[in-house]
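Here's the structure we're looking at; comments come further down.
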Amino acid sequence: MNFGKRPKEELYHLASDTDCMKNLANHPKFVSIAHAMEKEMEAKLRAEGDLRMIGYGHLYEKYPFTNVNGFYERHQKGEKLEQLG
C-alpha cells in the first residue's frame, strides 16, 4: 500500500538538497541533530496520545484501507478534485 520502502531515519539539508536525495541521518556530523529531533518527535507524539508510543501501534494497521469514489485514480488521471476544509 505504498510506493516503496524508506530508510528508518531520514534527515536532509533542505537548503542545499531540495530534492532530498542525500540522507544525512547517519552522517557523524548530524547524528546529534537527528537524535534531538527524534526525542522532540517522541515527546510530541506522547503528548498527543499516539498509540505507537504506548505499545499499541499495531491497532492503526487494523483499520481498513479505503478508496473513496476512486479518489486516487481520478487524481492520477489529472482530475481537479475539490479540497475539503
Taken to the nearest 0.5 Å, the spacing of E79 CD from F71 CZ works out to 9.0 Å

So the salt bridge (Lys or Arg N to Asp or Glu O under 4.0 Å) pairs with at least one residue in residues 49-60 (sequence neighbours excluded) are D50-R52

inquiry  = Looking at Y60, I want to see if its OH is surrounded by more than 12 non-hydrogen atoms of other residues, nucleotides or ligands under 6.0 Å.
reply    = yes

Do L14 and C20 make a side-chain contact, defined as non-hydrogen atoms from C-beta onward lying under 4.5 Å apart?
yes

Across all chains, not counting sequence neighbours, the salt bridge (charged side-chain N to carboxylate O under 4.0 Å, His left out) partners of E61 are none

- Task: Give a yes or no answer on whether the side chain of N23 reaches the backbone of A25 with a donor-acceptor pair at less than 3.5 Å.
- Result: yes

T18 meets the side-chain hydrogen bond (donor to acceptor under 3.5 Å, both in side chains) criterion, sequence neighbours left out, with none

Residue pairs passing the salt bridge (Lys or Arg N to Asp or Glu O under 4.0 Å) test with at least one member in residues 9-18, sequence neighbours excluded, are R6-E10

Sequence neighbours excluded, the answer for side-chain hydrogen bond (donor to acceptor under 3.5 Å, both in side chains) partners of Q76 is none

Check residues 27-48 and write down every donor-acceptor pair under 3.5 Å in which the side-chain atom is one partner and the other belongs to a residue at least two apart or another chain.
{"unit_1": "H27", "atom_1": "ND1", "unit_2": "K29", "atom_2": "N", "d": "3.0"}
{"unit_1": "E40", "atom_1": "OE2", "unit_2": "K44", "atom_2": "NZ", "d": "3.1"}

